[in-house]
Amino acid sequence: MLDILNRRADFLAAARAVRHTRPGLLFQARRRAEAEGVAPERLRVGFTCSKKVGNAVARNRAKRRLREVARLELSANGLAGWDYVLIGRPGATAARPFEDLRADLVSALRATHRPDRPSARPSDPPSGRPAEGTAPQNTVVPRRQS
RNA sequence: GCGGACGGCCGGACGACCGCGGCAUGCGAGUGUCGAGGAAAGUCCGGGCUCCAGGGAGAAAUGGCGGCGGGUAACGCCCGCCCGGGGUAACCCGAGGGAAAGCGCCACAGAGAGGAGACCGCCGUCCCGGCGGCUCACGGACCGCGAGGUCCAUGGGAUGGCAUGGGACGGCAAGGGUGAAAGGGUGGGGUAAGAGCCCACCGCGCUGGCGGCAACGUCGGCGGCAUGGCAAGCCCCGCCAGGAGCAAGGCCAAAUAGGGAUCGCGCGGGGCUUGUCCCCAGGGCUUCUCCCGCCCGAGCGAUCCGGGUUGGCUGCUGGAAUCCGUCGGCAACGGCGGAUCGAGAGGAAUGGUCGUCGGCGGUUUUUUGCCGCCACAGGACCCGGCUUACAGGCCGUCCGCACCC
RNA sequence: GCGGGUAUGGUGUAGUGGUAGCGCCUCAGCUUCCCAAGCUGAUAGUGCGGGUUCGAUUCCCGCUACCCGCU
């Protein structure tokens, strides 16, 4: 089951971790630290849209489509112990055909959890990004959930 | 039929599968039920509600409003009417009090921009000229015997004349010209020329009658031009307004100190006639003043509460509600009766994939077919308004023009 | 939820109701062997829609965009 993310700190932490850009959405993912007190089998997801997406109707519609896509894909293919954040993009999130939007999420998930990609391990960012304050997940190599 | 004015309404429908939020029920799986708008928006006004401020009166400051009457809980909203402006009309628009309380501004142009002014111009008097007459003197020519007459030239004089030139002094403000605006307008009389100088009408001011609750209208009398415009410049007049906002506010639990509250005892300076005396007080309680009332002022004791943080409950939706009928009212609206309950979340619920129909656009000679698209926009304490956004469509009333009967 | 402010050439900014200025940038010319600098000149602007006024960047109303407070 999906837990909904609503604390600002969780969003900020996810924003400092893995990011992927897809035409229909921005994707962020972070493996939680054990010390955070959240049960490790939980999988959490957050949705957000900035004012650039549009007025309240446009933002709500983008978040609903992201929610539906997360319901279909993330509950099946997401990893326990991770936080995911899905961010709406102006125009595209609401206008993109649904199957394309769904494929965007699948693609981002695969890019995040592929073991041979450095970007899957935020522990050693090649671009010299400042290291994250919460270190424990840096040593864990993500693996596919069975 | 075409064009136009005004008012009101709808703003996709039905269905399938997988999902979402609240409530009820169930041990549970689940089941049942309800689930965004006309603007929910902007936050521009007005209220309810809650807390804060001791009560009353006045003032100041600040902000707002501004024809009159009505409606309303109230309003800057609505209705009706008046006045002014626009339109052939239906109808539309108007921050629509005061400019003789005061201050300020009116660029440029123009002579002059506010108790104004004289550039061109008009008129009078005088002076210097011009023209044509009159008259005198002298000269010449001609006619006549003569007295004399006629004509020409020069010079002088006086008075009057002119479609006449220039100047000085004075009168005038009609006309030209400048300007957004030139110190009432039109016409006539009058005059040297003119002018409210006089007269008529209009406008303006004062005043009386009548109609109207009133704004105002209308009829008459008087005055005789005095009062330019701007107050969405300062300002004056009248009216209105205490502050904060549901993250208001209330309750509970966890957690516990340096502060706070209540009660009891107690309390300033000066004067002498030493008294249960008199006088003066200080500070606080809405920016100030006044009146009333209250408290503090100095410590001690007792009792109670408790900062910050986190969570839960409540406020929370039945209300100036909506609909129908009826009565009063031109209307806004109000009275009465009946029926109905239609989101209450707490980072926030309506989505995805389709089907049929509807609408719009494109393609097509047309039909069919195919393709694309579905206005503005999402409750967060609740109401009444205003403003702004809005694909497409529906209904009603009225006006103008053309045609037919 | 409650309030406040700003909008002026491409850019940064002045501006008493009366022709909207200035610096940088851009362009052209001069200067130089060439460039830079310098000199001369030019282009280009009041966010939008109404209203008041003879006249609005200025005053008033309504929108739009951006920014900033408080809770």
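Letters A, B, ... are given to chains in the order of the sequence lines, protein chains preceding strands, and every chain is numbered from 1. Bear in mind that the values here come from a model prediction, so they are computed numbers and not experimental data.
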*Restricting to pairs with a member in residues 99-108 of chain A, which pass side-chain hydrogen bond (donor to acceptor under 3.5 Å, both in side chains), not counting sequence neighbours?*
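Those involving residues 99-108 of chain A are A/Arg22-A/Ser107, A/Glu73-A/Arg102, A/Arg96-A/Asp104.
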Nucleotide forming a Watson-Crick or wobble pair with [N], both distances under 3.5 Å:
{"N": "B/rU178", "answer": "none"}
{"N": "C/rC27", "answer": "C/rG41"}
{"N": "B/rC394", "answer": "B/rG8"}
{"N": "B/rG379", "answer": "none"}
{"N": "B/rC373", "answer": "B/rG359"}
{"N": "B/rU364", "answer": "none"}
{"N": "C/rC34", "answer": "none"}
{"N": "B/rA90", "answer": "none"}

*Between A/Thr93 and A/Gly24, is there a donor-acceptor pair closer than 3.5 Å when you use the side chain of the first and the backbone of the second?*
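It does hold such a pair.
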*Using modelled atom types only, decide if a donor and an acceptor are shared between the side chain of A/Arg65 and the backbone of A/Ala94 within a distance under 3.5 Å.*
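Checking the backbone N and O of A/Ala94 against the side chain of A/Arg65, a donor-acceptor pair under 3.5 Å is found.
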Please give, in whole Å, the distance from [N] [atom2] to [X] [atom1]?
{"X": "A/Glu68", "N": "B/rC20", "atom1": "CD", "atom2": "C1'", "result": "10 Å"}
{"X": "A/Phe47", "N": "B/rA349", "atom1": "CZ", "atom2": "C1'", "result": "14 Å"}
{"X": "A/Phe98", "N": "B/rG19", "atom1": "CZ", "atom2": "C1'", "result": "11 Å"}
{"X": "A/Glu73", "N": "B/rC18", "atom1": "CD", "atom2": "P", "result": "19 Å"}
{"X": "A/Glu99", "N": "B/rG352", "atom1": "CD", "atom2": "C1'", "result": "9 Å"}
{"X": "A/Arg71", "N": "B/rU353", "atom1": "CZ", "atom2": "C1'", "result": "11 Å"}
{"X": "A/Asp100", "N": "B/rG352", "atom1": "CG", "atom2": "C1'", "result": "14 Å"}
{"X": "A/Leu66", "N": "B/rG352", "atom1": "CG", "atom2": "P", "result": "11 Å"}

What form does the base of [N] take, syn (within 90° of 0) or anti?
{"N": "B/rG196", "value": "syn"}
{"N": "B/rA36", "value": "syn"}
{"N": "B/rG361", "value": "anti"}

*For A/Leu25, the option from A/Leu66, A/Val85, A/Ile87 that meets side-chain contact (heavy atoms from CB on, under 4.5 Å)*: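 Testing each of A/Leu66, A/Val85, A/Ile87 against A/Leu25, the sole residue satisfying side-chain contact (heavy atoms from CB on, under 4.5 Å) is A/Leu66.
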Distance, [atom1] atom - from [M] to [N], rounded to whole angstrom:
{"N": "B/rA36", "M": "B/rU350", "atom1": "P", "answer": "11 Å"}
{"N": "B/rG378", "M": "B/rU367", "atom1": "P", "answer": "40 Å"}
{"N": "B/rU178", "M": "B/rG224", "atom1": "P", "answer": "38 Å"}

*Among residues 57-65 of chain A, which residues get a heavy atom nearer than 4.0 Å to RNA chain B?*
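By residue number: A/Val57, A/Asn60, A/Arg61, A/Arg64, A/Arg65.
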_Rounded at 0.5 Å granularity, tell me how far CG in A/Leu74 sits from CZ in A/Phe27._
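One gets 6.5 Å once the value is rounded to the nearest 0.5 Å.
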*Can you find a pair of side-chain heavy atoms, one from A/Leu105 and one from A/Tyr84, that are under 4.5 Å apart?*
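Of all side-chain heavy-atom pairs linking A/Tyr84 with A/Leu105, none is under 4.5 Å.
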*Sequence neighbours excluded, which residues qualify as side chain to side chain donor-acceptor pair (under 3.5 Å) partners of A/Arg61?*
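Expected list: none.
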